[in-house]
Amino acid sequence: MRLDYFIANATALSRRDAKKAISAGKVELDGQACRKAGTPVSPDSLITLEGHRLSLPAERYLMLHKPDGVISATTDSQQPTALDLLPTDVRKGLHIAGRLDADTTGLLLLTTDGQWSHRITSPRVSCPKTYRVTLSETIDAGAIARLEQGVLLRDESRPTRPASICKLDDRLIDMTISEGRYHQVKRMLAAVGNHVESLHRWQIGHIVLDPALAPGQYRALTPEEIACPG
Ligand code: URA
């Protein structure tokens, strides 16, 4: 992995501040000042910041801006997966906390910490997730009221929990749901006679997709984001 990634994971510094600390000569690698953020290091390298030895936390937590066409799986021989977007040594041991459809873009959380991901995905905890939804048809007040009450999905016997909707334009809404049923947003919109043209998740609990991340980019979560995901 790169030196700046190691520093950002081992401290509270952002990747940008880690790069600044490196170019300011505050970082030593195996006893030598190292001013190149891209220098490859391993989890066992001896790395110090202003004389203090750093080590990676036992568990790792990342956010990834998932691009269109990438599947939320750890391995697939046919299609590119979210894990393929990460360098090999970064992806080791990570799993996805809350999958997205291949054609859905946006916030994907990855971690090595099973208990933490359970807090995000468990139906009992009901962590809210917010999606920006582009629709093929205008949405009216009646449809919004139905979604906010909970709708019965095709082939299911129990209605969804109430969604919360913020109408941004005739065919554009933010929709927050606190369940993770299969294709839930698309099926809820289908249940009120509409159709999802594009779907982008931008928030999970308190964690907001970092606007500095282009599709395909990732960063370590901050200690605040890790402490309070839901
Ligand atoms: N709901 C969907 O329909 N698709 C997703 O990817 C996420 C939520």
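Just follow the structure's listing: the first ligand is 1, and inside any ligand the first atom is 1.
- Of all atoms in ligand 1, numbered sequentially from 1 with element shown, those under 4.0 Å from a heavy atom of T104 are 4 (N), 5 (C), 6 (O).
- Polar contact check, D101 against ligand 1: a nitrogen or oxygen pair lies under 3.5 Å apart.
- Under the 3.5 Å distance criterion, the side-chain polar atoms of S117 are matched with a main-chain donor or acceptor of G114.
- Residue Q184 approaches ligand 1 through these ligand atoms, each under 4.0 Å from one of its heavy atoms: 1 (N), 2 (C), 3 (O).
- Under the side-chain hydrogen bond (donor to acceptor under 3.5 Å, both in side chains) test applied with R181, the options E179, Q184, H183 reduce to a single match, E179.
- H95 places a side-chain N or O within 3.5 Å of a backbone atom of T111 that can act as its donor or acceptor partner.
- Among the atoms of V185, some N or O lies under 3.5 angstrom from an N or O of ligand 1.
- For the pair R99 and ligand 1, the shortest N or O to N or O distance does not fall below 3.5 Å.
- Less than 4.0 angstrom separates some heavy atom of H183 from each of these atoms of ligand 1: 1 (N), 2 (C), 3 (O).
- Taking every non-hydrogen atom of Y131 and a distance limit under 4.0 Å, the qualifying atoms of ligand 1 come out as 7 (C), 8 (C).
- To the nearest 0.5 angstrom, D84 atom CG is 8.5 Å from I71 atom CD1.
- Between the R60 side chain and the D113 main chain, no donor and acceptor come within less than 3.5 Å of each other.
- The side chain of L199, and not its backbone, has at least one atom closer than 4.0 Å to an atom of ligand 1 (non-hydrogen atoms only; side chain from C-beta on).
- When atom types are taken as modelled, the side chain of D169 and the backbone of L172 share no donor-acceptor pair closer than 3.5 angstrom.
- Other residues, nucleotides and ligands contribute over 12 non-hydrogen atoms within 6.0 Å of the NZ atom of K186.
- Look at Y182 and you'll find every heavy atom at least 4.0 Å from all atoms of ligand 1.
- Ligand 1 has no nitrogen or oxygen under 3.5 angstrom from a nitrogen or oxygen of R187.
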